[in-house]
Amino acid sequence: MTAQTPSHGFSKFKVLLIEFALAMGGFGIGTGEFAIMGLMPNMSADLGITEPQVGHLISAYALGVVVGAPLLAILGARLFRRHLLILLMAFYTLGNIASALAPTYESLMIFRFIAGLPHGAYFGVAALVAASLVPANQRAKAVSRVMMGLTLALLIGNPLATMLGQSLNWRYAYYFVSIVAALTAILVFFFLPLNRDEQRNSPLHEVRAFRGAQLWYALAIGAVGFAGMFCVFSYLAPTLLNVTGVDENWIPIALAVFGLGGFVGNILGGWLFDRLQFRSVGWLLIWSAGVLMIFPTATASIWTLLAVCFMVALMSALGPALQTRLMDVADEAQTLAAASHHAAFNVANALGPWLGGLAITAGLGWQSTGYVGAGAAVAGLMIFLMAWRQENSVTPVAAEAGDA
């Protein structure tokens, strides 16, 4: 197979159509996940709750991802990937319609949890489909192209949802997400052919194959090391209003800058992993810790804050890097591992706002989220070093055993 030939014999145009359909789902999911962050002041006022309580809605969604990713991946193991993707997007559509209609804070908490259930399984299956369409040495780039929908949600979807919520009502943001999710199901139906030769596993087979220290190390790096970005991003809107002292019209602009950084970081992550492999994760965590430490000192000026927001968002490069790493170490538990990657990242999405909320409630200030986030990135780096040491210590022993 040449480097230019897709593995299923599809034309490049057909592959692009499939990737576009899958990325559209990422755009809808990303917008639904991050919309709260831009509308935190609006939702706080409308629901009569504090902004840290709005942060708990973010954590409820993230908990839904953590629960739903492995559960739905296991239950859907016998389904064809095309059918599973359509069902997951239909589920996501209904979850966001329910969120838009939620009458109380408590019911919204429940519906955000439900909406989060299909998130991880969708991204995991979409990543496997994307990787199957290209040669092995281009997998990380293919995954990053599908994940581009998620970063475009940061760049376009989230600012758009914020402006929609500010001008009308926060509920319209979730109606918008529902429309995008329904459109994704339609695009997958038309663009992704049914592959009846596709390998499918029994749920028990996936669970039995889900083992190995390197797999769990990769998940732990995502769960802990990525929490720093969510810690800062979750409280960016109130930081702009209460620390930087700008008008709320700056919130969509800051979110767009953050989204641009996420877009660039996503491309960078695929490129770095294809070249440096697992080492790229270590370098990205070092970068993350450095820029998060700078964040608190940048909050005094809107211009320095925007610059550092872009740099913090480059942390999204960890997404395609860790997703591809899991494909390398997951053996026969590919679907479960790929979905669990997003469960791990949403542990970070729950952990970041929770830790940041603790610091803010303790009176350390909105900008303290940067220091808290840097601590999480350093913890992720420690896990990476443990994984690196374990992987490189096994190889020489195995080689000596082979020589004997």
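All values derive from a computational prediction rather than experimental measurement. Every heavy atom of this structure was used, including side-chain atoms; hydrogens, water molecules and symmetry mates were not.
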- prompt: How close do A69 and A343 get, heavy atom to heavy atom, and via which atoms?
  reply: CB-CB, 3.7 Å

message: Evaluate L318 against F273 for side-chain contact (heavy atoms from CB on, under 4.5 Å), listing each step before the verdict.
response: CA-CA 9 Å; L318 283 167; F273 192 88; over 6 Å; no

query: Heavy-atom distance under 4.5 Å between the side chains of L219 and L326, does that happen here?
result: yes

query: Do I29 and M89 come within less than 4.5 Å of each other through their side chains, counting heavy atoms only?
result: yes

query: So do I302 and L240 actually touch side chain to side chain, heavy atoms under 4.5 Å?
result: yes

field: F278: partners by ring-ring contact (aromatic ring centres under 6.0 Å, His included), with sequence neighbours left out
entry: F384

- prompt: Which atoms form the tightest heavy-atom contact between A237 and I251, and what is the distance?
  reply: CB-CD1, 3.9 Å

- request: Ignoring hydrogens and angles, tell me if any N or O in the side chain of S44 forms a donor-acceptor pair with the backbone of I49 under 3.5 Å.
  value: yes

Atom pairs and distances, donor-acceptor, side-chain atoms in residues 285-293, under 3.5 Å, two or more places apart:
unit_1	atom_1	unit_2	atom_2	d
W287	NE1	M311	O	3.2
S288	OG	L284	O	2.7

- prompt: L71 and L75: side-chain contact (heavy atoms from CB on, under 4.5 Å), yes or no, with the steps?
  reply: CA-CA 6 Å; L71 180 62; L75 293 177; 4.1 Å; yes

task: Could you tell me whether the side chain of S167 and the main chain of L164 form a donor-acceptor pair under 3.5 Å?
output: yes

query: Taking the side chain from Q390 and the backbone from M386, do they hold a donor-acceptor pair closer than 3.5 Å?
result: no

field: Pairs meeting criterion salt bridge (Lys or Arg N to Asp or Glu O under 4.0 Å) with involvement of residues 143-159, two or more places apart
entry: E19-R145

ring-ring contact (aromatic ring centres under 6.0 Å, His included) against F27, all qualifying residues, sequence neighbours excluded: none

query: Is there a donor-acceptor pair under 3.5 Å between the side chain of N242 and the backbone N or O of P238?
result: yes

statement: Residue set satisfying salt bridge (charged side-chain N to carboxylate O under 4.0 Å, His left out) with R325, at least two apart, ordered chain then number -> E391

- prompt: Has the side chain of K14 got a donor or acceptor atom that lies under 3.5 Å from a matching backbone atom of L192?
  reply: no

message: Holding to ring-ring contact (aromatic ring centres under 6.0 Å, His included), I want the full list of residues that pass it with F295, two or more places apart in sequence or in another chain.
response: none

field: Chi angles and distances behind the side-chain contact (heavy atoms from CB on, under 4.5 Å) call for W170, L47
entry: CA-CA 11 Å; W170 61 266; L47 295 170; 4.1 Å; yes

statement: Sorted by chain and residue number, the side chain to side chain contact (heavy atoms under 4.5 Å, CB included) partners of L84 (sequence neighbours excluded) come out as L79, L88, V125

task: Using a 4.5 Å cut-off on heavy atoms from C-beta on, say whether the side chain of W216 contacts that of I221.
output: no

message: To the closest 0.5 Å, what do you measure between OG1 (T244) and CG (L236)?
response: 8.0 Å

field: Gap separating the OG atom of S368 from the CG atom of L355, nearest 0.5 angstrom
entry: 10.5 Å

query: Counting N and O atoms only, with roles assigned by atom type, does the side chain of T304 sit under 3.5 Å from a partner on the main chain of A298, one being a donor and the other an acceptor?
result: yes

Short side-chain to backbone donor-acceptor contact, Y235 and P353, under 3.5 Å: yes

Donor-acceptor contact present, side-chain S280 to main-chain Q277, <3.5 Å: yes

field: Straight-line distance of L85 CG to L128 CG, nearest 0.5 Å
entry: 9.5 Å

field: Which residues share a side chain to side chain contact (heavy atoms under 4.5 Å, CB included) with V243, sequence neighbours left out
entry: T239, T299, W366, Q367

Result block: side-chain N/O donor-acceptor pairs under 3.5 angstrom for residues 102-117, not counting sequence neighbours:
unit_1	atom_1	unit_2	atom_2	d
T104	OG1	S107	N	3.1
T104	OG1	S107	OG	3.1
Y105	OH	Q53	O	2.9
S107	OG	T104	N	3.0
S107	OG	T104	O	2.9
R112	NH1	N96	OD1	3.2
R112	NH1	S99	OG	2.9
R112	NH2	G32	O	3.0

field: Separation of L314 CG from M229 CE (nearest 0.5 Å)
entry: 10.5 Å

- request: Would you please test I383 and V224 for side-chain contact (heavy atoms from CB on, under 4.5 Å) and show each step?
  value: CA-CA 9 Å; I383 298 170; V224 177; 4.0 Å; yes

field: Shortest non-hydrogen contact from G269 toward A321
entry: O-CB, 4.2 Å

- prompt: For Y122, what residues pass the ring-ring contact (aromatic ring centres under 6.0 Å, His included) criterion, not counting sequence neighbours?
  reply: none

query: So, does N392 use its side chain to make a donor-acceptor pair with the main chain of W388 at under 3.5 Å?
result: yes

message: Donor-acceptor check, side chain of Y371 to backbone of P296, threshold 3.5 angstrom: yes or no?
response: no

query: In Å, rounded to the nearest 0.5 Å, how long is the span from OG1 of T162 to CG of L255?
result: 4.5 Å

task: Determine which pairs satisfy ring pair (Phe, Tyr, Trp, His ring centres under 6.0 Å) with at least one residue from residues 296-320, sequence neighbours left out, and list them in order.
output: W250-W303

field: Minimum heavy-atom distance A254-L306, with the two atoms named
entry: CA-CD2, 3.6 Å

statement: Smallest heavy-atom separation, A173 atom then A35 atom, equals CB-CB, 4.4 Å

Only distances under 3.5 Å count here; give the side-chain donor-acceptor pairs of residues 176-189 to other protein atoms, sequence neighbours excluded, each with its distance to 0.1 Å.
unit_1	atom_1	unit_2	atom_2	d
S178	OG	T93	O	3.4
S178	OG	I97	N	3.2
S178	OG	Y174	O	2.9
T184	OG1	G25	N	3.2
T184	OG1	V180	O	3.0

- prompt: Rounded to the nearest 0.5 Å, how far apart are CZ of F91 and NE2 of H119?
  reply: 13.5 Å

message: Does F258 form a ring-ring contact (aromatic ring centres under 6.0 Å, His included) with F233? I'd like the steps, not just the answer.
response: CA-CA 8 Å; F258 202 100; F233 185 47; 4.3 Å; yes

task: Mind listing the closest non-hydrogen atom pair of T324 and P320 along with its distance?
output: OG1-O, 2.8 Å

